[in-house]
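So the structure is just underneath, and the comments pick up after that.
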Amino acid sequence: MLLPALNHHIHRRLLSSHHIFSLNLSTLSSHRHRLLPIAPLQFQSHEAVEENPYDLICEDPIQVCSDIWVRSFSRSHLHPSFPNLTGFLKKFDLWILAYQRSCAHQTGSFPPKNAIHVSELRSLLALSRSALSGRHPWGATTHLILRSPNDPPSIHRISKRKFLALLESSPPPFQDHVLQELLLLVLEPVFEPRFSSKSHAFRPGRSPHTVIRTIRSNFAGYLWFLKADLTDVADDFTPELIVSCLEKAVGDRKVVGLVKSALRTPVKVVSGGEGKVLDKLTKRRMKRKMLRKSRKKKLLNENEPKPDPYWLRTFFSFAPEEADWVPRYGHCGILSPLLANICLNELDNWMEDRIVKYFCPSKLDSIWKESMDDGCHNPAWPEFVPSSGREKTRRMDYVRYGSYILVGIRGPREDAVELRKDLIEFCETRYGLRLENSKIEIEHVTRGIQFLDHVISRRVIYPTLHYTATGGNVVSKKGLGTLLSVNASLNQCIRQFRKLELVKGDKDPEPLPCIPMLYSGQAHTNSQMNKLLETMADWYKYADNRKKIVGFCAYVIRSSIAKLYAARYRLKSRAKVYKIASRDLSRPLRESTRNASPEYSDLLRMGLVDAIDGVQFSHMSLIPSCDYTPLPKNWVPEHEWVLREYIKLQDPKFFCELRKSVKHQELGVPQDDMSKIVWNFKVCGVFGWDKHDNNKQLGNSAEASNYGSTYTEELILYEEILFGNPTMQYSQLTPTSIPLSNTCLEFKIVDPGKSCIFPTKTLAAETFSSSVQPCRLRLCLR
């Protein structure tokens, strides 16, 4: 039963367009195809008899990827590395899947397998041969094996100067992207079970939200926080270091050789005017030129994907500093984040060992008195930590997102300083790179620590007892405990809006008109801003001040649109816009003209205009509250849970142990009990089996002799109530206990054609809803 669910998770993971990041890998511009040869390549000329690519399509690529995930999660961490991954590289179905995913990045649509032309399949087969032979040309600009679907061949001639300019400005080729996708499909399931649970970036099922929830659930009670930025270290990883970390889990020489050649092949630097010094007048002219170019309507070429909508581009600009970092190593492309996690996984393992060694419990503390997993406070409210004695338990926790780490320490500041020295020494010895002291910050929790645009702090909870003798003041100000607070940074939100030129000022920001939506209609503008507000409300889902921060964003966006409408429709002020279009800007605004125009309702009914949706969150009550759902103790992503459950069900030892435990504890399956009850009722009847079973248990005692009469009297009582008072409401009946076990009584009303099902032992009064006329009842077993 878990196998379809497993395939569903893998299928959703592979075919989803929302990947860890998106790279613009289009192969050259519209003139790129002019410099590409049309003749077959030398890799195809070596084959005497060319294979038919359709004969190699024999498996489901999703099932092949599922097998890789199951195989990797079935192996223990102490098992040696994977010796043979070339067999998966030889599967042509995986190459087709990598090609489809690459086309989705290029064109924005996932092409079906049947729509791929035979010439493209042959080029893809030639690319697989070149990769398996170890002669793949990374970063090639000419003599390409596989073309991009956006680069059709052309016979027009170009000059030598344009040819050299296209070579210098050419982006990475499409064939490299296909090979990177294939290596990612094979290597990601190999390393996922080896990665630490403290790492959350560039991994399936994990996101900044899981980091914030982890901090909220596990970082309560820490006094000192150490935040480190390892971006300079991670960007300078050498190819030898990356390959050495890769070989610890992968023993296949061809796979390691492909990654090594991608790392060592020099990357061509695109020439630009970075070194030129421009004066103010030239900069102003270039800015005006860029503005005119951005406002000019652009006609898309054939098969060219549409650009991202305005709301999506705006939301991406709100990415925090920790999530904005994307590593790039050589020609690895989308494989680079996985390689960065492989290298930084050693830091995760080193920190986990330090956490175990640092732990020192104390009986005087309120939490973690005996073990690291001991949580003495309420697990449903993990943010609250009760007050403790003078001596506290020494404990440490750690989380990493990309190249940024956050360490919480329950102990003196000297321990945080010592950890900083050890971290610098570890980076020098293991990575060969020096980490500067300025990249490591140590802050107390009372001052607030900013991580992923959320500020981590605490507040003391005081008792609410007021004494009248002192005028209502609190006599004892001793705190009951501390409460961890995770708030969204309002200052950082204002900075992001200021970069987008939607506000001006810092302390009291003033909204500015949304110029990029100047030529869009009212319906389209409101729709774009609603999508932006919904996405931002979801981003701040786990912030304590979610209502405040989302309300501020809604105010800025609504005011910016109102100013835009005031300029477009010549209304002079926001107040007039709100007066006509209401507070949520849902009423139509029209230009004042002398010509008589049809009403908006008539145009809407004829389908000539779009419906205008009001801007969301116009009132504070419409904004959702913070989600305080605690993260489970041993939380894992859903796909990992499905994988481990599937592997457990495939193990015959699991069923043997389960059967032994059932026999040892004398447990029974509910279906067996129900079968026995139904059989006894069929053989002995309702009253006969009930008397027989109770007489058998009580041994002809007085209680057994009166048992049947009691049960009969109860049934008679219900019969008298239903027949004796026809106008009585069903809701007025008082349920009486019926001494039957594991059964259900059905009182079927024959005349109206209705039936009421009563639960075991007790008749629920709320199931009766209407008055009943005198009718005939039938008692049957269901």
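Between the side chain of His454 and the backbone N or O of Leu452 there is at least one donor-acceptor pair closer than 3.5 Å. Distance alone, capped at 3.5 Å, places no donor-acceptor pair between the Ser527 side chain and the Ala523 backbone. The closest donor-acceptor contact from the side chain of Asp584 to the backbone of Gln616 lies at 3.5 Å or more, if one exists at all. Formation of a donor-acceptor pair under 3.5 Å by the Arg570 side chain with backbone atoms of Ala566 is not found in this model. When atom types are taken as modelled, the side chain of Ser123 and the backbone of Ser119 share a donor-acceptor pair closer than 3.5 angstrom. Not a single donor-acceptor pair under 3.5 Å links the side chain of Ser559 to the backbone N or O of Val556. With Lys439 contributing its side chain and Ala228 its backbone, the two residues share no donor-acceptor pair below 3.5 Å. At distances below 3.5 Å, at least one donor-acceptor pair connects side-chain atoms of Ser560 with backbone N or O atoms of Cys514. A donor-acceptor distance shorter than 3.5 angstrom exists from the side chain of Asn526 to the backbone of Asp613, with no hydrogens or angles considered.
Checked against ring-ring contact (aromatic ring centres under 6.0 Å, His included), His444 has the following partners two or more places apart in sequence or in another chain: Trp224. Qualifying side chain to side chain contact (heavy atoms under 4.5 Å, CB included) partners for Glu443, counting only residues two or more places apart in sequence or in other chains: Arg447, Ile449. Remark: Ser485 pairs with Asn487, Asp544 by the side-chain hydrogen bond (donor to acceptor under 3.5 Å, both in side chains) rule, at least two apart or across chains. Residues satisfying the ring-ring contact (aromatic ring centres under 6.0 Å, His included) criterion with Tyr542, sequence neighbours excluded, are His209. Residues satisfying the ring-ring contact (aromatic ring centres under 6.0 Å, His included) criterion with Phe617, sequence neighbours excluded, are absent altogether. The ring-ring contact (aromatic ring centres under 6.0 Å, His included) check on Phe497 picks up Phe318, with sequence neighbours excluded. Scanning for side-chain hydrogen bond (donor to acceptor under 3.5 Å, both in side chains) contacts around Gln522 gives an empty result, with sequence neighbours left out. Residues that satisfy the side-chain hydrogen bond (donor to acceptor under 3.5 Å, both in side chains) test with Gln496, not counting sequence neighbours, are absent from this structure. With sequence neighbours left out, Arg587 forms a side-chain hydrogen bond (donor to acceptor under 3.5 Å, both in side chains) with no residue at all. With sequence neighbours excluded, the residues forming a side chain to side chain contact (heavy atoms under 4.5 Å, CB included) with Ile96 are Ile57, Phe92, Gln100, Lys113, Ile116, Leu121, Leu124, listed by chain and number.
Residue Arg206 comes nearest to Pro637 through the heavy atom pair NH2-CD, 3.6 Å, listed as atom of the first residue, atom of the second, then distance. Closest heavy-atom contact between Gly614 and Ser586: CA-CB, 3.7 Å. When all heavy atoms of Ala201 and Gly402 are compared, the closest pair comes out as CB-N, 3.0 Å. The two residues Cys553 and Cys493 have their closest heavy-atom pair at SG-SG, 3.6 Å. Taking every heavy atom of both residues into account, Pro173 and Gly139 meet most closely at CD-CA, 4.0 Å. Smallest separation of non-hydrogen atoms from Val550 and Ala537: CG2-CA, 3.9 Å.
Salt-bridge formation is not detected for the pair Lys504/Glu510: no Lys NZ or Arg NE/NH1/NH2 atom is positioned less than 4.0 Å from an Asp or Glu carboxylate oxygen.
The aromatic rings of Phe225 and Phe219 sit parallel, their planes meeting at an angle under 30°, below the 60° perpendicular limit. Note: Phe552 and Tyr555 have tilted aromatic rings, judged against thresholds of 30 and 60 degrees for the angle between ring planes.
Separation of atoms CG (Asp235) and OG (Ser403) is listed at 7.0 Å; rounding is to 0.5 Å. Rounded to the nearest 0.5 angstrom, Arg568 CZ and Leu589 CG are separated by 9.0 Å. How far CD1 of Ile215 is from CG of Leu631: 11.5 Å, rounded to the nearest 0.5 Å. The CG atom of Asn530 lies 10.5 Å from the OG1 atom of Thr535; values are rounded to the nearest 0.5 Å. Atoms CD1 and OH, from Ile212 and Tyr401 in turn, are 10.0 Å apart once rounded to the nearest 0.5 Å. To the nearest 0.5 Å, atom CG of residue Leu338 and atom CG of residue Leu183 are 10.0 Å apart.
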Mind listing the side-chain donor-acceptor pairs of residues 309-317 below 3.5 Å, one per line with the distance, residues two or more places apart or on another chain?
from   : atom 1 : to     : atom 2 : distance (Å)
Arg313 : NH1    : Asp308 : O      : 2.4
Thr314 : OG1    : Tyr310 : O      : 2.7
Ser317 : OG     : Thr314 : O      : 2.4

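Under the 4.5 Å side-chain criterion, counting only non-hydrogen atoms from C-beta, Arg203 is in contact with Asn341. No side-chain heavy atom of His200 sits under 4.5 Å from any side-chain heavy atom of Arg400. Pro204 places a side-chain heavy atom less than 4.5 Å from the side chain of Glu188. For the pair Thr214/Trp635, no side-chain contact is recorded, criterion being any heavy-atom separation below 4.5 Å from C-beta on. Using a 4.5 Å heavy-atom cutoff, the side chains of Leu490 and Lys548 are in contact. You'll find the side chain of Val486 stays beyond 4.5 Å of the side chain of Val455, heavy atoms only. Side-chain contact between Met529 and Ile561: present, with at least one pair of heavy atoms (C-beta onward) separated by less than 4.5 Å. Side-chain atoms of Ile456 and Leu484, non-hydrogen and from C-beta on, do get closer than 4.5 Å to each other.
The closest side-chain donor-acceptor pair between Arg583 and Ser618, if any, does not fall under 3.5 angstrom. A side-chain donor from one of Thr231 and Asp229 sits under 3.5 Å from a side-chain acceptor of the other. At a cut-off of 3.5 Å, with distance as the only test, no side-chain donor of Ser625 or Arg546 sits close to an acceptor on the other residue.
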Query - Test log, rule side-chain contact (heavy atoms from CB on, under 4.5 Å), inputs Val503 and Leu512 - result: CA-CA 5 Å; Val503 298; Leu512 298 176; 5.7 Å; no
Requested in this report: Apply the test side-chain contact (heavy atoms from CB on, under 4.5 Å) to residues Leu335 and Tyr329: give CA-CA distance (whole Å), side-chain angles for both, the deciding distance (0.1 Å), then the verdict.
Outcome: CA-CA 8 Å; Leu335 196 64; Tyr329 302 127; over 6 Å; no
Report task. Give the intermediate values and the outcome of ring pair (Phe, Tyr, Trp, His ring centres under 6.0 Å) for residues Tyr99 and Phe174. Result -> CA-CA 9 Å; Tyr99 176 81; Phe174 177 73; 5.8 Å; yes
Query raised in the report: Could you walk me through whether Met517 and His524 pass the side-chain contact (heavy atoms from CB on, under 4.5 Å) check?
Result: CA-CA 9 Å; Met517 304 299 293; His524 180 69; 3.8 Å; yes
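Few gaps surround NZ on Lys227; more than 12 heavy atoms of other groups in view lie less than 6.0 Å from it.
Among pairs with a residue in residues 329-338, none fulfils salt bridge (charged side-chain N to carboxylate O under 4.0 Å, His left out), at least two apart in sequence or across chains.
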